[in-house]
Amino acid sequence: MKNFKKIIFLTVIATTPCFSSAEETSSNEPSFVPGRPGNTESAIAVPKGYFQIESGLVNYTRDKVDDERTKFLSLAQTAFRYGIAEGTDVQLVIQPYSKLNISGAGIDQTFQGFGNTTLRVLHTFLGADGNSPSFGIIGFITLPSADKELKDNGVFDDRTTGGVVATGSINLTDKASVTLTLGDGTKHSSGSSYLNDIYGGINLTYALTEQFSTYIEAYGDHVKNSQTQSTIDLGMTYLLSHVTQLDAGVNIAANHAAPDASFFIGWSHRF
């Protein structure tokens, strides 16, 4: 397992190119539609024969419950996507480094290491050419590749889990679009049984210019026997070129069950 983690981490470094300057868009090149940012999902698969990287470069979450403070840092959480057929792509999602710090009430503990690994398949039933409306189904399984101390402290599931996600988008105007996502999966924490996990959200995106867009999103996640975690998510994207995107945003707690705030910056590029 340790060798597997090293190979995956080196793959991230080796396949991540420097940011490129703006390029001329080929008239016959397919639309570039990253799956990030936001908790809602894109329904559009990577075109056949193309390779795409989508990376959460930095994600920082903080929370406080009574006297206990929790800080969570994730670096280079990355999805490697490849179009295997028209309207279908396969995805490998890794989390090379995660760090959890719990402090207050007389404790100060830190746990860090490699995270779980997820395998996904997305099939676009409608809108594979990038035109509205679009609809797709994602199937996934998550492997418990995380370091033991992170699984023992509930950061990652300690057994193989999986699920399915339905998602779709429609243009409201030439600048505004709405995306709806609904997922159904499983969770398994140390010392517990498998629990049903239902989650979903609605995202409204508005293009301010050809390169710059913003979005607002309402999202909820309910695990059986737990209180639903609800957030209001705000973010922006900027196209460095027709195949390179930067993003940044914040997810803010909408109820007491959700972490207070989560900040992120990310990057996507298609080859």
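Quantities reported herein were computed from a predicted structural model and do not represent experimental measurements. For reference, positions follow the sequence shown, starting with 1.
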If we ignore hydrogens and angles and just use 3.5 Å, is the side chain of [X] paired with the main-chain N or O of [Y] as donor and acceptor?
X	Y	result
D233	G249	no
T118	V93	no
D147	F114	yes
T173	K175	yes
D247	G266	yes

Is the closest side-chain heavy-atom distance between [X] and [Y] below 4.5 Å?
X	Y	value
T142	F156	no
F72	V155	yes
P34	R270	no

Next on the checklist: Tell me which one of D197, T161, D157, D158 satisfies side chain to side chain donor-acceptor pair (under 3.5 Å) with H188.
Outcome noted: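 Filter result, single survivor: D158.
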Checklist entry - Can you tell me if CD on E210 sees more than 12 non-hydrogen neighbours from other groups inside 6.0 Å? => result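 No, the 6.0 Å shell around CD holds no more than 12 heavy atoms from other groups.
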Checklist entry - Between atom CZ of F111 and atom CG of D152, what is the distance when rounded to the nearest 0.5 Å? => result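 CG of D152 is found 9.0 Å from CZ of F111.
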Item to check | From CG (L208) to OG (S213), nearest 0.5 Å | outcome: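 It comes to 6.5 Å.
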Next on the checklist: Evaluate D89 against R81 for salt bridge (charged side-chain N to carboxylate O under 4.0 Å, His left out), listing each step before the verdict.
Outcome noted: CA-CA 6 Å; D89 72 31; R81 303 176 59 186; 2.6 Å; yes
Checklist entry - Where is the tightest heavy-atom contact between E217 and N203, given as atom of each residue plus distance? => result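 Nearest heavy atoms, E217 then N203: OE2-ND2, 3.2 Å.
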Item to check | A258 versus A253, closest heavy-atom pair with distance | outcome: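 It is O-CB, 3.8 Å.
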